[in-house]
Each structure stands twice: as structure tokens, then as C-alpha cells.
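Heads up: the structure comes next, in C-alpha cells.
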Amino acid sequence: MTADQHPLLGLFLAAADGRFPPADGGVTVLGPLPRGLECSVAFTGHAVIATSLPEDEVEALKPDGFGGSLSPDLLRALAGPDGTIGCIDATLAARGTGGTPRLPARTGLEDHPRVRLARELRADVRTFGDGRGLVTLARGLAGRRELSTEVHDPASSAGSGLGRSLVRDALSLVPAGEPVFAAVSPGNARSLRAFLAAGFTPVASESILRPSRSRLARTAPSAALAELSRRALHVHDLYDRLNSLERGRVWSREEFMLGFTGDVGDLAKLVMAEEGAREVPGGRAALEHELADCLWSVVILAHRYAVPLEEAFHRTMDELDASISARIAQVEGDA
């Protein structure tokens with residue numbers, strides 16, 4: 001495992017080898033996952049929660065390693081009042097069989113519900129399949145290799161073994177001996193039986209969360225950012241009126257971005273001037289003006305692309321906090 005990988009990945013890989021956390025009823029709290037995701041994972045007698053919440057706040061919720069980490073009340077507290085809570089899945093592990101792939105690649109399936117769901121939660125999604133059904137292979141929770149399957153006609157194929165054969169052939173897409181995981185709802189008994197019959201073994205259970213909160217949101221909304229946004233949008237509207245009068249049209253989003261890049265270039269010159277590397281008129285006042293111009297552009301671009309800037313900022317800072325902290329810990333551990 002490299003320094004930029006989430007530590008939960010190491011626990012999954014160890015579980016695939018039959019090595020589990022101690023069954024002590026304890027809970028390990030880790031930092032959040034990439035892409036704004038968090039999770040609660042229950043191994044036998046030990047839980048792992050990946051979250052941006054401070055550890056003392058998680059401990060105050062009184063989770064435990066004997067199933068309590070997946071209780072509805074705890075998951076809601078972790079996700080926040082408006083966050084999304086995924087279903088509780090069984091976490092299964094197997095080994096790739098490698099060799100000649102027994103399923104052809106499929107393209108043009110971006111709008112397929114199975115593929116859309118995979119892209120929401122996973123990265124590097126690839127699609128395969130044949131007349132039996134569809135397989136996705138991707139980087140899933142904490143970066144683990146993960147596959148999912150869907151039989152084209154589950155009603156008529158019940159009991160035929162198609163699902164089991166599709167899963168077995170999907171394992172040929174993974175290099176021989178390498179771990180691969182699947183998250184299967186226990187209620188989907190037919191799918192669960194197919195994965196078990198194809199050689200998958202249960203190692204844990206899990207729920208993926210997409211929280212709706214930030215450090216500021218846990219106290220009060222930022223009145224300062226709201227006022228900045230109000231002023232920025234007022235100036236944006238004035239520009240629209242002026243451009244309509246002078247040019248007969250308003251700026252496009254691309255033009256706002258081009259203006260931003262020009263402001264960044266001017267800012268670079270002013271920073272060089274502050275460092276004594278070149279002469280630029282205006283001094284400190286010009287630097288302040290250009291920084292404000294750049295902030296205005298960021299606020300307007302977020303508005304034009306419907307990005308919740310404050311939420312996105314705190315989510316990104318949480319991700320960077322976790323990633324950089326993990327790298328620091330790795331470097332210090334290697335020292």
C-alpha cells in the first residue's frame with residue numbers, strides 16, 4: 001500500500017488473506033474517503049469508521065464493534081440530517097483467475113443504471129458482458145478492486161446458474177491471485193448465492209455514506225460567504241446589463257473562465273513584484289485588488305456551474321487533510 005492510499009484498503013486486503021482486526025468490540029476511526037464519501041465497515045467483533053468527524057465526536061455516538069457501527073441511528077448521525085446512507089451490504093472477497101478474459105469489453109453503456117450507480121461510487125469503471133448479463137470492474141471503496149454483475153433476465157434465468165457462471169467468468173478479468181471484492185445486499189439472496197457459489201467469501205459488512213455537513217455547517221452557516229456571494233452576484237448582474245447594452249449579449253461561462261485566467265496572470269506578476277523579482281505599478285493595493293478579482297471569478301464560476309462552494313471547499317479540505325496526514329504518517333514511520 002502506498003502513502004496516498006486510504007488505510008482502510010490495507011484492512012480489506014488483509015481480510016482477503018484471512019487476517020482480521022482483533023475481535024475486541026472496538027472501533028477504529030480513520031479519515032474520510034476520496035470523492036466526499038465516508039463509510040462504516042463491520043468486521044467480526046471490530047468496526048472501522050472512515051469519516052471527517054473528529055474521533056471524539058464519533059466516540060460520543062457510542063459505536064461498538066459488535067454490530068452497533070451499522071445501526072440506523074449511528075449511520076444517520078454520521079451522515080448528517082441531509083446526507084445519503086447506502087444500504088448495508090455484505091462485503092465479499094475472492095481472487096482473480098487471470099488467463100484469457102472470458103468476457104468481452106462493452107462500450108456505450110454510460111446510461112445503463114448499473115453503470116451510472118458504479119460511477120457514482122467508484123473510479124475507473126470498465127464494462128464487460130455477453131448474452132448472460134453485464135459486469136462492471138472498478139476501483140471501489142478505499143481503492144479496492146471491485147466488481148458487480150447484473151443478469152439481463154433474472155426472472156427467466158432463476159436457478160439456471162447463469163449468475164454464477166457470469167461471476168466466475170468475471171474473475172478472469174482480474175490477474176491471477178489478486179484480491180477482488182464485491183458488495184452485495186443480503187436481501188438480494190439470488191445474487192448473494194451466485195457470488196458465494198463462484199468462490200467469494202464474506203469478510204465484513206459495510207455502508208457507504210455521502211455526508212451533507214461541513215465543519216461550519218455543524219455550527220452555523222457562513223454569513224460572511226453568503227454576503228461575499230451576494231455582492232459578487234450583484235456585480236455579475238451589472239456586467240450582464242452592460243454587456244447586453246454594449247455587445248448585445250452576456251458573457252458565456254467560457255468567457256468568465258478566460259477572464260479568470262487573465263486575472264491569475266496579473267496576480268502572478270504582482271506576487272513577483274512583492275518578492276522583488278520584477279517591477280509592477282500599484283504595489284500592495286494592486287495585489288489586494290487582484291486577489292479580490294480572482295475570488296470574484298471563483299464565486300461566479302461556482303454559481304454558473306451550480307457548485308455549492310462552501311460545502312465543496314470543506315469537503316475538499318477534509319480530503320486533503322486526510323490524504324496529507326496519511327502521507328506525513330507514512331514518511332514519519334519510514335524515518
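Index from 1, following the sequence.
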### Message
Using side-chain heavy atoms (C-beta onward) and a distance below 4.5 Å, is T28 in contact with P21?
### Response
no

### Message
Any side-chain to backbone donor/acceptor pair from R114 onto T149? Under 3.5 Å, distance only.
### Response
yes

### Task
State whether the side chain of D64 and the backbone N or O of F66 hold a donor-acceptor pair below 3.5 Å, judged by distance alone.
yes

### Reported CG-to-CG distance for the pair D263 and L295, which is rounded to 0.5 angstrom
11.0 Å

### Message
Are the side chains of L78 and P63 in contact, using a 4.5 Å heavy-atom criterion?
### Response
no

### Message
Quick check: do F260 and C294 have side-chain heavy atoms less than 4.5 Å from each other?
### Response
yes

### Task
Check side chain to side chain contact (heavy atoms under 4.5 Å, CB included) between I324 and all other residues, then give those that pass, not counting sequence neighbours.
L320, I328

### Task
Determine yes or no for a side-chain-to-main-chain donor-acceptor pair under 3.5 angstrom, with S212 supplying the side chain and G80 the backbone.
no

### Query
Is it true that atom CZ of F313 has more than 12 heavy atoms of other residues, nucleotides or ligands lying nearer than 6.0 Å?
no

### Query
When you measure from the side chain of S172 to the backbone N and O of D169, does any donor-acceptor pair fall under 3.5 Å?
yes

### Query
Can any side-chain N or O of E206 pair as donor or acceptor with the backbone N or O of T91 at less than 3.5 Å?
no

### Query
Is L103 close to L166 at the side-chain level, that is, under 4.5 Å between some pair of heavy atoms?
yes

#### Entry: Heavy-atom donor-acceptor pair, R168 side chain to A197 backbone, under 3.5 Å
yes

### Query
Roughly how far apart are L109 CG and T136 OG1, rounded to 0.5 Å?
10.5 Å

### Query
Taking R122 for the side chain and G140 for the main chain, is one N or O donor matched with an acceptor at less than 3.5 Å?
no

### Message
Can you give me the closest heavy-atom contact between R95 and P179, atom names plus distance?
### Response
NH1-CG, 3.2 Å

### CZ/R304: more than 12 non-hydrogen atoms of other groups inside 6.0 Å
yes

### Task
Find the distance between CG (L37) and OG (S52) and round it off to the nearest 0.5 Å.
11.5 Å

### Query
Roughly how far, to the nearest 0.5 Å, is CG of L228 from CH2 of W296?
13.5 Å

### Task
Spell out, yes or no, whether M257 and L291 are grouped together once hydrophobic residues are joined by side-chain heavy atoms under 4.5 Å, including indirect joins.
no

### Task
Decide side-chain contact (heavy atoms from CB on, under 4.5 Å) for V58 and E55; before the verdict, give the C-alpha distance in whole Å, the side-chain angles of both, and the deciding distance to 0.1 Å.
CA-CA 5 Å; V58 177; E55 186 170 355; 5.5 Å; no

### Criterion side chain to side chain donor-acceptor pair (under 3.5 Å) on D318 and H314, from CA distance to verdict
CA-CA 6 Å; D318 285 342; H314 286 288; over 6 Å; no

### Query
So which heavy atom on A182 is nearest to which on F195, and how close?
CB-CE2, 3.5 Å

### Residue pair F200 / V167, side-chain heavy-atom distance below 4.5 Å
yes

## Note on the structure
Value for NE2 (H303) from NE2 (H236), rounded to nearest 0.5 Å, stands at 5.5 Å

### Query
With hydrophobic residues grouped by side-chain heavy-atom distances under 4.5 Å, do Y305 and V264 end up in a single group?
yes

### Query
Any donor-acceptor pair under 3.5 Å linking the side chain of E150 with the backbone of G133?
no

### Message
How close do I88 and L70 get, counting heavy atoms only, and between which atoms?
### Response
CD1-O, 3.5 Å

## Note on the structure
Taking every heavy atom of V184 against every heavy atom of N188, the minimum-distance pair comes out as CG1-O, 4.4 Å

### Task
Determine the minimum heavy-atom distance between L171 and A94, stating which atoms define it.
CD2-CB, 4.3 Å

#### Entry: Gap separating the OG1 atom of T127 from the CZ atom of R119, nearest 0.5 angstrom
7.5 Å

### Task
Check whether any side-chain heavy atom of F43 sits under 4.5 Å from a side-chain heavy atom of L11, and report yes or no.
yes

### Side chain to side chain, R76 and I85, heavy atoms closer than 4.5 Å
yes

### Task
Taking all heavy atoms of R164 and all of A194, pick out the closest pair and write down the distance.
N-CB, 3.8 Å

### Query
Honestly curious: do F256 and Y239 fall in one hydrophobic cluster under the side-chain, below-4.5 Å linking rule?
yes

### Query
Just by distance, do the side chain of S40 and the backbone of S69 share a donor-acceptor pair under 3.5 Å?
yes

### Task
Look at E255 together with R247 and state whether they make a salt bridge at an N to O cut-off of under 4.0 Å.
yes

### Query
Are the side chain of D124 and the backbone of A138 linked by a donor-acceptor contact shorter than 3.5 Å?
no

